[in-house]
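Input: a single structure, listed below in structure tokens.
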Amino acid sequence: MGFFDLNIPYTDSTPLSKANSTVAKSTRIKIVIKAMELGYTGIAYNRTIRGVMSDRDRCSIPLLGLSSLLDVAPFLSSSVNFHRDLLGVPRSSPFRQYTRLTVCIDTASQSQALNSGNPILKTYDIVAVRPLNQNAFDHACEKAEVDIISIDFSDKLPFRLKLPMVKAAIKRGIYFEITYSDLIVDVHQRRQIISNAKLLLDWTQGKNVILSSAAPSVCEVRGPNDVANLASLLGLSMERAKAAISKNCRSLLTNALRRKHFFKEVIRVEAVSSSRQSDSEIPLYADWLKWDPISSGEGDLLLDDMAKSFSASTNASKTVKAIDFDSIIDKMPSHGFQIKDLISGSEASFQPQTEVKSFLSTPQPIELSVRTNQASENSIRHDLFPETDDATLDNTCSEPLTSAFGDPQKLYLASYATKTSTGSEEVVTDTVMTEIESETCNASVAASGSVEAENQGLQSKKCYEQNFVLLNENVNDGLNAVMLNEEVISHQTSAMDIELEAAALEISPPSESSRLPPTQGREFKSSKGSCVFSGVETIKVADIAVDMDKERQETTASSLNNMSSLENISERMSLRTSEDDAVIVDQISRQQSDDETRVKDDSLVPNHENQVLLMEEPKLAEADSSMNDLGSVRSNEPLHETVIKKEPTTILRNPFPESNPKMKFKVPSSTLTNEIQEVAMELERHGEDDNKTNDPTLGQRISGKSRRRHRNHHQAPLFPLRRNLYPVSFKRKAARKSERRVKLEEH
Amino acid sequence: MVGFKNRYMVMEVLLDPNKEISGDDPIVVTQFNISKAIKDSILVNFGECGLASSLGSFQVKYVNPITKLCVIRVSRDEYQKIWSSISMVRRIGNCPVLFNLLDLSGNIKACKTAALKCDELKFEQYKLMVGARLSADVTQHMKNCLEKIRILEH
């Protein structure tokens with residue numbers, strides 16, 4: 001676990017005299033060097049502004065490169081390694097730089113600017129607020145969309161800290177910051193800081209608190225252990241204090257970067273670089289393991305290269321930038337898309353972006369830095385595709401998720417978004433994994449993204465229809481449509497040469513049994529990709545005309561089928577068992593609105609009472625630890641606990657065992673109504689895919705329970721939670737034995 | 001059984017972090033001036049009583065002027081306070097300094113092993129920095145210091 005110092009002051013580069021700026025720059029370099037030497041693994045340059053933001057305030061902080069550091073301290077690497085070994089930090093973890101903005105807030109109008117729509121804030125990695133009076137503090141705790149609340153404790157506080165406010169802020173995931181350099185510098189300030197900060201620490205017990213220096217010069221920086229000890233003066237235990245400079249910072253960075261790079265905190269769209277991947281043997285999700293959740297894309301210094309002459313560091317990065325959605329969203333047409341826009345492929349280039357183009361007028365390239373020697377660092381991109389709409393559902397919210405297709409280099413898209421709609425719909429979105437291979441380095445970057453429902457946020461926007469519409473309302477013609485569309489889809493994909501697919505599986509209840517067989521055994525050979533989905537039922541209703549729905553239905557059905565066939569066939573399918581998949585599909589088809597779903601994205605779905613089936617993080621945790629990071633969509637608190645090294649995959653990973661039983665239960669009771677959307681379940685186990693070989697049973701998927709029953713008895717390990725399906729009230733051995741016998745017999 | 005419970009801290013002193021790397025030390029760290037600086041810091045931060053209660057077991061056991069390594073013994077009850085006072089030391093004499101804890105242990109034996117390891121590693125770094133100017137005196141001095149670590153007692 002690395003140590004972070006997230007407050008290194010940065011002064012504007014518009015000083016009056018040139019001398020000032022060079023002094024400031026050299027100070028900055030020295031501080032950074034000292035921080036590196038002392039064993040920190042990440043720092044953030046903090047720029048403070050006061051008052052109203054203007055366009056000039058966009059981030060212009062230059063990140064330091066390794067060469068500039070080595071100019072000043074040529075023997076940096078040995079010192080860094082020495083300290084890192086002592087602290088227990090791995091030698092090869094990169095040194096990260098972030099940019100941060102602190103806004104001093106006085107009035108209510110200034111506080112209004114701190115929302116997620118502010119484009120200037122988006123240019124910084126971390127956003128902090130410094131309230132100067134009581135109103136500002138209250139607003140910051142309750143409503144402002146910031147990462148950190150930084151209070152200047154060194155003077156008498158102009159406002160009171162109130163426990164309900166502090167609790168509200170913690171609940172929203174905001175961190176409080178305490179700076180320690182004033183303790184060192186000035187004796188009188190020491191008194192004030194200790195007495196002020198003690199109150200905050202008593203209330204929070206160190207939860208959601210980070211410690212950082214606001215070191216004006218290099219003499220005020222202290223090593224991580226020393227900082228933790230200084231916090232004990234303020235009343236924290238040593239363990240909490242150490243967490244305050246390591247774990248809390250890290251989770252703060254994860255959240256902040258997710259907010260920055262992901263549209264509506266869920267989707268990230270990246271352009272795929274154009275180099276081709278001819279080797280499809282590399283596991284699909286190998287790159288997902290390497291997703292680096294706290295990488296800011298640039299500014300990560302690889303310290304292994306220090307020993308060599310910088311040559312190693314130059315070949316690493318292939319940067320792919322996230323597409324900035326806000327600028328794009330505004331240009332999207334109101335009626336959404338139709339598949340034919342995509343299929344037509346009228347655009348000359350291969351870039352899928354151009355095809356999906358109507359809303360991606362100017363997609364910005366996504367920058368993804370790929371590191372050669374780090375196994376763990378790759379940024380992940382997520383792709384999300386917008387959702388279906390259900391015309392019949394009047395009260396549905398439309399949740400367009402824009403999906404962008406990058407150049408397929410090797411593009412595997414799995415996008416998954418779940419949305420909840422009002423009423424009983426469930427939104428299913430599939431996760432599309434995108435995987436990008438960099439030409440230069442062998443490590444391929446896999447992105448897995450799963451997006452959780454973004455109901456609320458998207459509702460406000462227009463609904464967009466993406467070509468892979470997930471939902472099919474009335475499934476009766478689903479199968480036929482599916483069959484038809486399969487060719488279309490395959491044609492389309494091959495034409496587009498895109499490997500990503502986004503699909504939501506739809507389930508048509510009547511056709512469930514018949515649906516799967518036709519798709520079985522079909523080798524869907526798209527050019528390279530295989531799509532992985534994590535299945536979830538989704539219901540997405542958009543306000544789109546019915547006829548458009550029909551079109552979409554077909555296309556989505558086909559895409560779904562493709563997906564399902566892919567899923568069936570692909571060895572990388574993360575399905576634990578094909579049976580489960582089938583079962584789940586079955587279940588989903590029957591699923592009622594009362595299926596439970598948990599919306600991962602808490603903040604986004606506060607008001608929707610719809611159920612969304614979410615892949616739970618706990619399930620993720622239980623899933624392969626190696627494949628923990630599926631997508632980054634959101635991780636809730638429990639997720640953090642379960643993460644060991646990497647961020648767990650997001651919800652999209654369908655927790656088989658958990659959802660299965662639920663669905664099973666619901667099947668008998670649920671009744672199909674027209675409003676029920678088909679839920680497509682694609683389960684994917686990224687981790688499993690990566691680690692396990694093909695599930696031999698995958699090829700034989702037959703829909704339905706019959707198959708499952710048939711195979712059940714010799715597949716016991718595949719249903720570890722079968723007991724949930726058939727709960728036994730008593731735990732007596734005799735009862736269990738007999739129950740087991742009964743179960744076996746019935747199958 | 002053991003009457004005095006102590007903590008042994010292995011710390012490195014970083015002299016004048018603002019200065020460019022040049023290889024000359026502004027001051028020579030000795031047991032005396034480090035001890036004085038720390039006591040002053042305890043007095044300022046914890047007052048007379050704080051200083052008095054920590055003075056019983058407080059001792060700077062070993063200092064290596066070449067690698068700037070020092071071993072400080074403090075009583076177990078007061079070690080956190082003394083450690084924070086040490087972190088708040090800003091200068092020794094006229095030279096701004098920075099203390100950084102490398103290792104903390106409860107008995108002299110573990111402390112000796114840690115100190116030996118850190119000392120050797122730091123000497124390697126020193127040799128890198130000094131480069132060709134390494135003289136035999138320094139090496140000899142270094143050997144003596146390592147010997148001193150080995151005969152440290154509680």
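Note that the structure is predicted; figures quoted are calculated from it, not measured.
With chain A as partner, the option from Val44(B), Leu121(B), Asp103(B), Leu102(B) having the largest number of non-hydrogen pairs under 4.5 angstrom is Leu102(B). For the set Asp226(A), Leu183(A), Ile184(A), Val227(A), the count of heavy-atom pairs under 4.5 angstrom toward chain B peaks at Asp226(A). Comparing Val187(A), Val185(A), Leu87(A) by how many heavy-atom pairs each has under 4.5 Å with chain B, the most go to Val185(A).
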For Glu37(A) and Asn100(B), what are the C-alpha separation, side-chain angles and deciding distance, and is it a side chain to side chain contact (heavy atoms under 4.5 Å, CB included)?
CA-CA 11 Å; Glu37(A) 278 184 351; Asn100(B) 186 32; over 6 Å; no

Evaluate side chain to side chain contact (heavy atoms under 4.5 Å, CB included) for Arg222(A) paired with Met88(B), printing each intermediate quantity in order.
CA-CA 9 Å; Arg222(A) 292 291 184 266; Met88(B) 295 206 246; 6.0 Å; no

Checking Leu128(B) against Ser78(A) for the side chain to side chain contact (heavy atoms under 4.5 Å, CB included) test, could you report, in this order, the C-alpha distance in whole Å, the side-chain angles of both residues, the deciding distance, and whether it holds?
CA-CA 9 Å; Leu128(B) 270 182; Ser78(A) 61; 3.9 Å; yes

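The parts of Ser79(A) that come within reach of chain B are both its backbone and its side chain, each placing non-hydrogen atoms under 4.5 angstrom from that chain. Neither the backbone nor the side chain of Glu124(B) has a heavy atom closer than 4.5 Å to any heavy atom of chain A. Contact annotation for Tyr79(B): neither backbone nor side-chain heavy atoms come within less than 4.5 Å of a heavy atom of chain A. Within the 4.5 angstrom heavy-atom criterion, only side-chain atoms of Leu14(B), from C-beta onward, approach chain A.
A donor-acceptor contact under 3.5 angstrom links the side chains of Arg190(A) and Asn45(B), judged on distance only.
Heavy atoms from other residues, nucleotides or ligands lying under 6.0 Å from CG of Asn144(B) number more than 12. More than 12 non-hydrogen atoms from other residues, nucleotides or ligands lie less than 6.0 angstrom from CZ of Arg90(B). Lys81(B) NZ: 12 or fewer foreign heavy atoms inside a 6.0 Å radius.
Screening Leu233(A), Asn225(A), Leu230(A) for a side chain to side chain contact (heavy atoms under 4.5 Å, CB included) involving Trp83(B) leaves a single residue, Asn225(A).
Tyr180(A) contributes atom OH, which lies 14.0 Å from atom OG of Ser84(B) (distance to the nearest 0.5 angstrom). Note: Glu12(B) CD to Leu86(A) CG = 8.5 Å, rounded to the nearest 0.5 Å.
Taking the side chain as every heavy atom from C-beta outward, Glu220(A) and Leu98(B) never approach each other to under 4.5 Å.
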